[in-house]
**Student:** 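Sharing a structure below in structure tokens format, with a few things to ask.
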Protein chains: 2
Amino acid sequence: MQQKADEIVKTLKSKGLRVTPQRFAVYANLLEREDHPTVEQILTNLNQDAPTSSQATVYAALQALREVGLVREVLLEEGVSRYDANVAPHHHFRCNCCGAIEDIDWNTFQCIDLSKLRLGLKAERYEVTVQGSCDRCQVKYEV
Amino acid sequence: MQQKADEIVKTLKSKGLRVTPQRFAVYANLLEREDHPTVEQILTNLNQDAPTSSQATVYAALQALREVGLVREVLLEEGVSRYDANVAPHHHFRCNCCGAIEDIDWNTFQCIDLSKLRLGLKAERYEVTVQGSCDRCQVKYEV
DNA sequence: CTTTGTGCAAACGATTTGCAGGATG
DNA sequence: CATCCTGCAAATCGTTTGCACAAAG
């Protein structure tokens with residue numbers, strides 16, 4: 001645990017970010033969960049025992065983390081942004097029923113051929129978004 | 001032109017929607033453009049000569065059109081929703097420089113094998129989002 | 001004539017911003 | 001000790017809502 005904390009500090013410093021308790025907490029929280037939380041969810045999680053960060057600070061921390069490439073914003077839902085500390089390229093699955101978001105391994109889809117794009121467009125990255133229903137929600141339907 | 005208008009009226013009626021000038025205008029506008037406009041852009045476009053629709057009405061019209069499946073909401077950008085009258089499945093290209101959005105033909109990417117998804121997830125649809133720079137923005141860089 | 005849509009303005013919710021004090025390197 | 005961060009509250013922006021009036025079928 002301590003080692004992990006040290007690693008986080010090292011990572012933040014290596015990106016030129018000042019290490020504050022709030023920034024640390026936001027990043028650590030994002031690293032240990034994989035559900036692409038919203039700002040509100042992060043905030044609730046961080047302050048559940050004792051108040052540690054204010055809303056504006058979480059926004060600021062996320063922006064800083066995003067600028068140095070440690071965190072990505074994920075747009076899969078109207079109204080709210082979600083955040084992801086998994087910066088490696090990957091795809092997303094979204095449950096249309098409960099809204100849950102899950103990562104899909106990058107290698108799951110192999111055959112996307114960007115050279116087929118219209119001449120003139122220069123692709124830099126891509127991502128597949130799959131929508132459907134997750135285990136839990138399929139069960140719901142069957143009851 | 002008249003024929004096109006008749007078709008739009010027929011389409012709206014066939015979906016059980018009352019045909020109002022505002023609804024007609026919103027849908028016709030979406031049909032004739034392919035840039036996935038925001039509400040603000042639609043509004044500006046509709047009211048450029050004379051005021052025809054209010055903001056709340058455009059929102060209401062879009063919601064009605066969405067409910068009957070004539071229009072889709074497109075989420076590719078923070079903060080704003082964009083709308084698309086192309087309901088057939090297709091992919092999207094987004095220019096990271098100017099924000100332009102362009103459709104990519106569904107057949108461009110053939111090999112996505114949804115059976116490779118984790119057991120338990122039931123896929124209903126998917127879509128590929130490509131990011132990069134468009135013709136115009138590449139030129140900009142070269143100058 | 002009944003139902004539904006429109007337009008205005010107020011309400012809302014997520015995100016941003018200004019600024020005074022506080023912590024970081 | 002200079003710089004940058006935090007926290008609060010006010011401000012902003014896209015979107016939604018309540019309601020009186022108007023239009024559609």
Side-chain angles (χ1 to χ4, degrees), chain A residues 5-6 8-29 36-47 50-68 70-83 99, chain B residues 5-6 8-29 36-47 50-68 70-83 99:
Chain A
D6 285 350
I8 294 179
V9 170
K10 209 190 295 175
T11 305
L12 294 174
K13 283 192 174 163
S14 76
K15 294 288 186 177
L17 291 183
R18 279 193 184 180
V19 180
T20 68
Q22 293 83 348
R23 223 168 244 180
F24 178 93
V26 168
Y27 188 49
N29 190 255
H36 309 67
T38 63
V39 169
E40 197 193 353
Q41 292 171 331
I42 297 171
L43 209 48
T44 304
N45 209 306
L46 293 185
N47 294 341
T52 66
S53 319
S54 79
Q55 198 186 45
T57 302
V58 171
Y59 275 105
L62 286 171
Q63 191 178 323
L65 290 165
R66 206 144 42 102
E67 278 169 5
V68 301
L70 288 179
V71 160
R72 279 207 319 184
E73 190 180 32
V74 181
L75 297 175
L76 288 174
E77 197 173 341
E78 337 164 31
V80 259
S81 291
R82 294 178 167 276
Y83 297 89
Chain B
D6 286 350
I8 293 178
V9 170
K10 209 189 298 173
T11 306
L12 293 174
K13 283 191 175 163
S14 75
K15 293 289 184 176
L17 290 183
R18 280 195 184 176
V19 179
T20 67
Q22 293 83 349
R23 226 169 241 180
F24 179 93
V26 168
Y27 187 48
N29 190 256
H36 309 66
T38 64
V39 168
E40 197 193 354
Q41 291 171 330
I42 296 172
L43 209 48
T44 306
N45 210 306
L46 292 185
N47 293 342
T52 65
S53 319
S54 79
Q55 197 187 46
T57 302
V58 172
Y59 275 106
L62 287 170
Q63 190 177 323
L65 290 164
R66 207 144 41 104
E67 277 169 6
V68 299
L70 288 179
V71 160
R72 278 208 320 184
E73 189 181 32
V74 181
L75 296 177
L76 289 173
E77 198 172 340
E78 337 163 30
V80 259
S81 290
R82 295 178 167 276
Y83 296 90

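Just so it is clear, the model here is predicted, and its values are computed rather than measured. The basis for the numbers below is simple: all heavy atoms, side chains too, and nothing from hydrogens, waters or symmetry mates.
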**Student:** Distance-only check: which donor-acceptor pairs under 3.5 Å involve side-chain atoms of residues 13-25 of chain A, not counting sequence neighbours?
**Tutor:**
from, atom 1, to, atom 2, distance (Å)
A:Ser14, OG, A:Thr11, O, 2.7
A:Thr20, OG1, A:Arg23, N, 3.1
A:Arg23, NH1, A:Arg18, O, 3.0

**Student:** Within this structure, what is the CG-to-C1' distance between A:Asn47 and D:dT6, rounded to whole angstrom?
**Tutor:**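 Going from CG in A:Asn47 over to C1' in D:dT6 covers 13 Å.
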**Student:** Heavy atoms under 4.0 Å is the rule here; annotate nucleotides 20-25 of chain D 5' to 3' with B where the base is hit, S where only the sugar-phosphate is, and - elsewhere.
**Tutor:** ---BBS
**Student:** Ignoring hydrogens, what is the shortest heavy-atom contact between B:Ala61 and B:Val26? Give both atom names and the distance.
**Tutor:**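 Here B:Ala61 and B:Val26 meet closest at CB-CG2, 4.1 Å.
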**Student:** Tell me if a side-chain donor or acceptor on B:Gln41 pairs with a main-chain N or O of B:Thr38 at a distance below 3.5 Å.
**Tutor:**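 Yes.
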**Student:** The criterion is side-chain hydrogen bond (donor to acceptor under 3.5 Å, both in side chains); which residues satisfy it with B:Thr57, sequence neighbours excluded?
**Tutor:**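 side-chain hydrogen bond (donor to acceptor under 3.5 Å, both in side chains) list for B:Thr57, sorted by chain: B:Ser54.
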**Student:** Could you give the CG-to-C1' distance, from B:Leu46 to C:dG7, as a whole number of Å?
**Tutor:**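 Checked: the CG to C1' distance equals 15 Å.
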**Student:** Could you state the atom-to-atom distance from CD of A:Glu73 to P of C:dA14 in whole Å?
**Tutor:**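 To the nearest whole Å, that distance equals 15 Å.
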**Student:** Output all residues satisfying side-chain hydrogen bond (donor to acceptor under 3.5 Å, both in side chains) with A:Thr52, sequence neighbours left out; order by chain, then residue number.
**Tutor:**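 Applying side-chain hydrogen bond (donor to acceptor under 3.5 Å, both in side chains) to A:Thr52 gives A:Asn47.
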**Student:** Who passes salt bridge (charged side-chain N to carboxylate O under 4.0 Å, His left out) against A:Glu40, sequence neighbours left out?
**Tutor:**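 None.
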**Student:** What is the distance, rounded to the nearest whole Å, between atom CZ of A:Arg66 and atom P of C:dT16?
**Tutor:**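 One finds 7 Å between P of C:dT16 and CZ of A:Arg66, rounded.
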**Student:** Is there a residue in residues 55-63 of chain B whose heavy atoms reach under 4.0 Å of DNA chain C, and which residues are they?
**Tutor:**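 Close to the strand are B:Ala56, B:Thr57.
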**Student:** Give B:Ser53 one of three labels, base, sugar-phosphate or nothing, depending on what nucleic acid heavy atoms sit under 4.0 Å from its own.
**Tutor:**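 Sugar-phosphate contact only - B:Ser53 comes under 4.0 Å of backbone atoms but never of a base.
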**Student:** In whole Å, I'd like the distance from the CD atom of B:Glu40 to the C1' atom of D:dT16.
**Tutor:**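 Atom-to-atom, B:Glu40 to D:dT16, this comes out as 17 Å.
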**Student:** Nearest of D:dT15, D:dC5, C:dT15 to any side-chain atom of B:Ser81?
**Tutor:**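 Closest of the options to the side chain of B:Ser81: D:dT15.
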**Student:** Determine to 10° how strongly the helix from C:dC1-D:dG25 to C:dG25-D:dC1 is bent, judged from the axes of its five-pair ends.
**Tutor:**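 Terminal axis comparison yields 40°.
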**Student:** Can you tell me how far C1' of C:dA14 sits from CG of B:Leu75, to the nearest Å?
**Tutor:**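 My rounded result for the distance is 14 Å.
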**Student:** Tell me: CZ of A:Arg23 to P of D:dT3, nearest whole Å?
**Tutor:**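 A:Arg23 atom CZ is separated from D:dT3 atom P by 17 Å.
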**Student:** For B:Arg66, which residues count as a salt bridge (charged side-chain N to carboxylate O under 4.0 Å, His left out) partner, sequence neighbours excluded?
**Tutor:**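 Listed in chain order: B:Glu73.
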**Student:** Can you see which heavy atom on B:Leu75 is nearest to which on B:Ser81, and at what distance?
**Tutor:**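 Closest approach of B:Leu75 to B:Ser81: CD2-OG, 4.0 Å.
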**Student:** What residues form a side-chain contact (heavy atoms from CB on, under 4.5 Å) with B:Glu77, not counting sequence neighbours?
**Tutor:**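 Counting only residues at least two positions away or on another chain, B:Glu77 forms a side-chain contact (heavy atoms from CB on, under 4.5 Å) with B:Val80, B:Arg82, B:Arg94.
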**Student:** Starting at CD of B:Gln22 and ending at C1' of C:dC8, how long is that distance when rounded to a whole Å?
**Tutor:**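 Whole-Å distance recorded here is 14 Å.
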**Student:** Under the rule for side-chain hydrogen bond (donor to acceptor under 3.5 Å, both in side chains), what residues qualify as partners of B:Gln55, not counting sequence neighbours?
**Tutor:**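 Checked B:Gln55 against side-chain hydrogen bond (donor to acceptor under 3.5 Å, both in side chains); zero matches.
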**Student:** Listed by chain and number, what are the side-chain contact (heavy atoms from CB on, under 4.5 Å) partners of A:Asn29, not counting sequence neighbours?
**Tutor:**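 So A:Asn29 forms a side-chain contact (heavy atoms from CB on, under 4.5 Å) with A:Glu32, A:Arg33, A:Ile42, A:Asn45, A:Leu46.
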